[in-house]
Structure formats: C-alpha cells, structure tokens
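Keep in mind it's a predicted model, so treat the numbers as computed, not measured. Chain naming here is simple, since letters A, B, ... match the order of the sequence lines and numbering starts at 1 in each.
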2 protein chains.
Amino acid sequence: MATDELMARALAALGDDGPLSVEAIHRLADLGDLPETMTIAEVADLLDISPHTLRYYERAGLVEVARDGNGHRIYDADVVRRLVFLTRMRLSGMPMRDLQHYISLVDSGAHTVPERLDVLVEHRDTIRRRIRELTLSLTAVEYKIATYGGATGPDVQDPGPA
Amino acid sequence: MATDELMARALAALGDDGPLSVEAIHRLADLGDLPETMTIAEVADLLDISPHTLRYYERAGLVEVARDGNGHRIYDADVVRRLVFLTRMRLSGMPMRDLQHYISLVDSGAHTVPERLDVLVEHRDTIRRRIRELTLSLTAVEYKIATYGGATGPDVQDPGPA
DNA sequence: GTTTGCGTTTGAGCGCGCTCCAACGCCTAG
DNA sequence: CTAGGCGTTGGAGCGCGCTCAAACGCAAAC
C-alpha cells in the first residue's frame, strides 16, 4: 500500500521536534473515514480555518456546496476532500488565483490533466525553491545566534564575543 | 576563518539544482567588499529591492540614512550591512513589526542583547517550523504528481493510473 | 537654455487573503 | 413565547507590505 511509503517519507521529513508532525501526518493521510456530510462548522474545525474562509473559498469559485432545506451548506465527502487539497495548497503558498486556475482546469474535464500536472510541477518547484531559501536563511540566523556580537551588520565578519 | 564553515554549511544545505545557490551564497558571505557609500539605486540593486522599499524601510524606522548636499540619501557600509540583515530577515518571513522591535532593541543599547537573542531564536524556530510544513507539503504534492488520477480528492487513496 | 535623469517629499492606492458587520431565518430549549 | 445558537447574504473593512502619483530640485549633456 502506498500510504505506508507516504507516511514513512513524511515522518522522515519531519525529523525531531514537535507535536505538529502527528497532527500533520493525520491530515496528510487520514482521509479515509470522512462522514458522508458535514456542516460548515465541522469542516472549519477539520481544516482549521474559519467558516468565513470556507464561504470565501466558495465565493471564489473553488468549490460548489449544496444546501439543505434551510439554506445551510452541506459539505459532502468529495467537497471536503477538495477542500483538504485546497487548504494544503494554500498552506504551501499557492496563491488563490493559481488555485482558481487549477480548479477551472479540473472542472473542464479530463483533457486538462497534462496542464494540471504542469501546475502541480511548477508549484512543487516553487516549494523546493522556498525550502532552499529558508534553509539558507536558517543557516544565516543560526550563525548569527552562534556568533552574536550585537551588531546588525555582517554575520560573517567580526563575530565578537557571544 | 569562520566564513569557510558558513559557506560549507550553506552549500550543503543548498543541494543540487540551481543558479540561485551561487548568488545566494554570495549575498550570505560576500559582505567584505562594500563601498564606503552607496546611492539608493545602488543599494536597491544590491539587495534586489526597489528604491521605494528602501525609503519605506527608512520611514518605518528600520534605518537612519544620511543625506548629501542635494538631500539625496547616502548609504554608508554600516547602514547597508543592516539592510542586508533586514532584507534577509524579511525574506525568511519575519514581519515588519518584529523587525521594528528588534531594531528598537539594537538602538537601545548593549543591555538588550539577551532579548535580541530571544527574538532571533524564536525566528529560527519559526523558520524551522515553516521548513517542516513545506517539506510535508512538498511530499504531498510530489505524491499527487506521481499518482495523478485527476481528482482533487485524496492524495492517499484511489491513486489511479499515472 | 532646455531636456534628461536621478533624486526628494507627503500621502494615497493596491493586491492579497481573509475577516467582520448588519440584518435576517430557522430550530430548539427553557 | 422568547431567547440562544447556528446558519444565511451582500458588501464593507482590515492588516500587511509594498508601490506609486504628483510636484518638485539639482546637475550633467546637448
């Protein structure tokens, strides 16, 4: 089963510190047991976003959500899965308009699969670049902490006493 | 010399792909040969930000910049070094107000060094968290690319044909 | 002398992604 | 019957980090 491999990779990536990992892996892999339908509050809880944001995503055209007799939103499992995907992409920095583009591709049929893959690949590369940038920043900050002399200036020269 | 070690760590962190690394390492370590003074355009070029942004940072209280006889800004090496630090922090996601706080600490004297270190350590942890988040997202996106079936839904089940 | 180019200032405007407000509806508990 | 709680809508507002407009100054080039 592919899930195991995914979990293993996620675990490996997460490394040492934090409760975040457990929760995050949960969200990454634990989509099997979704209820048939959910209320807006339940979905908001699940995704850790506000009901406001969910309505906003709907207005933005990212999802279509059915209503019950009272006009209240009913989120079915498919919609929730799409929202899981969308929030994951948002969290990793994909802008709303790219998401709107992607969804428009999804909604226009199977022939857009290659273009969708392009979007994903490009986003993957963006994430990789960002990770490299952050890793570099991390190195700089760690260096500055280690050699702190009080100056805002060069991390590299004149380290001074800690 | 500490620079070598820093370079080595940065190189190790950067890994395989890209011209970004060379340029980035340059910025990380190559602060020794700054001119005595620079114009706003030169600094903007160096930092890859706009003159607008430089003026904005000044208005925000992050730096004080001297003027020449015509009222034009003159950036000396110390100010430029501070700006290098500031843009590095901005690039790694530190909000303007944290930067303002940090600078206010710097400007209030050596006794704030411990508090400055607290700020840096907290930011370091923020960067680490963000890297972990992005690594997780990257795994998810890579998985979705690898198993793409066209659904926006679960990355984990029903992979379908590539 | 005028044009070109780079700079200055104050203050307004913008793009993004929410976030909230006001007015209202339905349903249930007390 | 009424109060509380959760939901609805359209539209306004916000926080962030720039980004730009307008009106102006100085100086070198033509």
Practice item. With heavy atoms under 4.0 Å as the rule, sort A/Ile40 into base, sugar-phosphate or nothing. Key: sugar-phosphate
Nearest-angstrom distance from the residue atom [atom1] of [X] to [atom2] of [N]:
{"X": "B/Arg73", "N": "D/dG25", "atom1": "CZ", "atom2": "C1'", "value": "14 Å"}
{"X": "A/Leu91", "N": "C/dC16", "atom1": "CG", "atom2": "P", "value": "19 Å"}
{"X": "A/Asp98", "N": "C/dG15", "atom1": "CG", "atom2": "P", "value": "16 Å"}
{"X": "B/Glu42", "N": "C/dC6", "atom1": "CD", "atom2": "P", "value": "12 Å"}
{"X": "A/Arg67", "N": "D/dC6", "atom1": "CZ", "atom2": "C1'", "value": "15 Å"}
{"X": "B/Arg90", "N": "D/dT19", "atom1": "CZ", "atom2": "P", "value": "11 Å"}
{"X": "A/Asp48", "N": "C/dG17", "atom1": "CG", "atom2": "P", "value": "18 Å"}
{"X": "A/Met94", "N": "C/dC18", "atom1": "CE", "atom2": "C1'", "value": "19 Å"}

Review point. OP1, OP2 of C/dG7 versus side-chain N and O of B/Thr39: anything below 4.0 Å?
Key: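 So the side chain of B/Thr39 is within the cut-off, an N or O lying under 4.0 Å from OP1 or OP2 of C/dG7.
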Applying salt bridge (charged side-chain N to carboxylate O under 4.0 Å, His left out), name anything that partners [X], two or more places apart in sequence or on another chain.
{"X": "A/Asp107", "answer": "A/Arg82"}
{"X": "B/Arg97", "answer": "none"}
{"X": "B/Arg73", "answer": "B/Glu58"}

**Study point:** Pair A/Glu133 + B/Arg130: basic N to acidic O under 4.0 Å
**Key:** no
**Study point:** Mutual orientation of the aromatic rings belonging to B/Phe85 and B/Tyr102 [parallel < 30°, tilted 30-60°, perpendicular > 60°]
**Key:**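 B/Phe85 vs B/Tyr102 ring planes: tilted.
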Exercise for review: Would you jot down, in residue-number order, the residues of residues 50-61 of chain B having a non-hydrogen atom under 4.0 Å from DNA chain D?
Suggested key: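 Correct list: B/His52, B/Thr53, B/Tyr56, B/Tyr57, B/Arg59.
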Pairwise N/O distances under 3.5 Å, protein to nucleotides 26-29 of chain D:
from, atom 1, to, atom 2, distance (Å)
D/dC26, O3', B/Asn70, OD1, 3.0
D/dA27, OP1, B/Asn70, OD1, 3.4

Exercise for review: For B/Ser50, check side chain to side chain contact (heavy atoms under 4.5 Å, CB included) against everything at least two apart and list the hits.
Suggested key: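 Applying side chain to side chain contact (heavy atoms under 4.5 Å, CB included) to B/Ser50 gives B/His52, B/Thr53.
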**Study point:** Any side-chain donor near an acceptor of the partner, B/His72 and B/Thr39, under 3.5 Å
**Key:**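 Note: B/His72 and B/Thr39 side chains miss the donor-acceptor criterion.
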Review point. CG/A/Leu46 to OH/A/Tyr75 distance, rounded to the nearest 0.5 angstrom?
Key: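 Here the interatomic distance stands at 12.0 Å.
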**Study point:** Expected output: side-chain B/Gln100 to main-chain B/Ala60 donor-acceptor under 3.5 Å
**Key:** yes
